[in-house]
Amino acid sequence: MENQIIKEIQNHSTIIIHRHKQPDLDAYGSQLGLKEIIRENFKDKTVYVVGDTQQYPYEHTMDVIDDSVYEGALVFVLDTAAEALISDTRYKLGKTLINIDHHRNESNINPDLFYHRPDLISCSQMIGEIAIKGNLRFNDMAASHIYAGIVGDSGRFQYISKQNAKHTFDVVARLMEYDIDLQSLSDFQQLETLAKRMAKEKFRNFSLSDHNVAYRFNDFKSISESGLTFQDVSRGTVNIMAGIKEVRIWANFSENEKGEIIGEFRSKDVSIVDIAKKFGGGGHANACGATLYSWEQALEVVQCFDERMVESNV
C-alpha cells in the first residue's frame, strides 16, 4: 500500500491535503508532515494544505485555493474516514482520492485507496512509515510535524500498547535525526495562561453514574461566558476527570453554537469505541467521541458507559 501511495504522488502534478475539522496535533502533524515530505522529495509537485485552523506549536499556514485547482489533482484525506468530519468538502473534486486513517472506523467517502491502520497510535506515524518504507527523505519541519502528531495522539506516549510500541519508537528514533524544537511542543501541551487556568476551574466539577462513570455537561451559555474557546472546554477539560482510581470511563459533553452536543469520551482500561460508533461517532478504543443532538441522548451515552462498567467488572 505504501508503494501505491508513493506511485500516485509521482503520477500527479498537483496534490491537495485535507484532514478533519478542529484539527488536533495528529491532524495537523500528518497533513503538514506529508506536505513537507512531498516537497522535499518531489520538487516538481505543487502541494496545498486546506482546512480550518486551531492553535499549533509550529509555524504553518492553510492555503486558500479555487475549485479549479482540484481538476486533475491527487487529494488526500488524513486522520478521519468520516465524511461529516472532513474540513472542506471539496475533497470530492479531485481526480484521485486517497484516505489515510488509524481510527476504528471504515471509510464512507469512497476513496480510490484506503490505507487503514487501526493498530497504530496516530495518522502521523502512518505518514512517517510511508516515507521510511519508500526511502523518502525527511527535513526538519517534516520530522517536527510528524513527531508532534505522534506525541499528541499517544498522550505523550501514555497510550502506546505493547503491540505497537516498537513501530512507534522506530519512527520516533528516525525523526530524532532531525532538528525538532522539542521545547516548543512541550510548552504548547503543558503551559497555559493564568487566566485560562482560572477559567477552567469553573469546569472542574463533575457527576458520577452508579458505577463511577464520570461525566460533565457544558451548555453553550456557560462556555460562552467563560471566555474560553469551545475546544478549550470540550477537549481541553475532559481529562480533568482522569487519574482517579475509581473512574475508568469519563466523558465531557459540550454544546456548540449550532445546538449540537460534542461528546469527548475517554477510558483507562476498557474499550468504549463501539459505544461511540453506536451514536454515530468513533475513534480509538480508549479515546473517542460522537456528535449528539440532545441532552437526553447524552444521558443515554452515560447509561451505556455505566452498563459497560458492569460488564467489565464481571
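The structure displayed is predicted, hence computed values, not measured ones.
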[X] [atom1]: over 12 foreign heavy atoms closer than 6.0 Å:
X	atom1	result
Gln55	CD	no
Glu177	CD	yes
Asn110	CG	no
Glu71	CD	no
Arg137	CZ	yes
Arg39	CZ	no
Lys95	NZ	no

Following the transitive rule for hydrophobic clusters with a side-chain heavy-atom cut-off under 4.5 Å over Ile, Leu, Val, Met, Phe, Trp and Tyr, establish whether [X] and [Y] coincide in one cluster.
X	Y	answer
Met1	Leu74	yes
Phe203	Trp250	no
Ile261	Ile249	yes
Ile5	Leu97	no

Just so I know, are the side chains of Arg308 and Asp274 near enough to count as touching, which here means a heavy-atom distance under 4.5 Å? yes
Determine whether Phe138 and Glu40 make a side-chain contact, defined as any pair of heavy atoms from C-beta on separated by less than 4.5 Å.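 Contact flag for Phe138/Glu40 side chains = no.
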Using the rule side chain to side chain contact (heavy atoms under 4.5 Å, CB included), only one of [options] pairs with [X]; which is it?
X	options	result
Val69	Thr14, Asp63, Leu93	Thr14
Phe76	Ile127, Val49, Leu113, Ile9	Ile9
Val77	Ile16, Ile100, Ile98, Asn99	Asn99

Leu208: side-chain contact (heavy atoms from CB on, under 4.5 Å) partners, not counting sequence neighbours: Phe206, Asn212, Ala214, Val247
Any carboxylate oxygen within less than 4.0 angstrom of a Lys/Arg side-chain nitrogen, looking at Glu106 and Lys277?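 No, Glu106 and Lys277 are not salt-bridged.
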Does this structure show an ion pair linking Arg248 with Asp269, if we count only N-O contacts that are shorter than 4.0 Å?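 Salt bridge between Arg248 and Asp269, a charged N being under 4.0 Å from a carboxylate O: yes.
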Polar side chain donor-acceptor pair, [X] to [Y], under 3.5 angstrom:
X	Y	value
Ser30	Asp79	no
Asp306	Ser209	yes
His103	Asn105	no
Thr80	Asp101	no
Asp112	Thr96	no

What distance separates [X] [atom1] from [Y] [atom2], expressed to the nearest 0.5 Å?
X	Y	atom1	atom2	value
Gln31	Arg19	CD	CZ	4.5 Å
Asp26	Ile121	CG	CD1	9.0 Å
Ile130	Met126	CD1	CE	6.0 Å

Angle between ring planes, [X] versus [Y], binned at 30° and 60°: parallel, tilted or perpendicular?
X	Y	value
His145	Tyr58	perpendicular
Tyr147	Phe157	tilted
Phe217	Trp295	tilted
His284	His102	tilted

Close aromatic pair by centroid cut-off 6.0 Å: Phe265 and Phe305: yes
From the list Asn218, Thr237, Asp219, side-chain hydrogen bond (donor to acceptor under 3.5 Å, both in side chains) partner of Ser254 resolves to Asn218
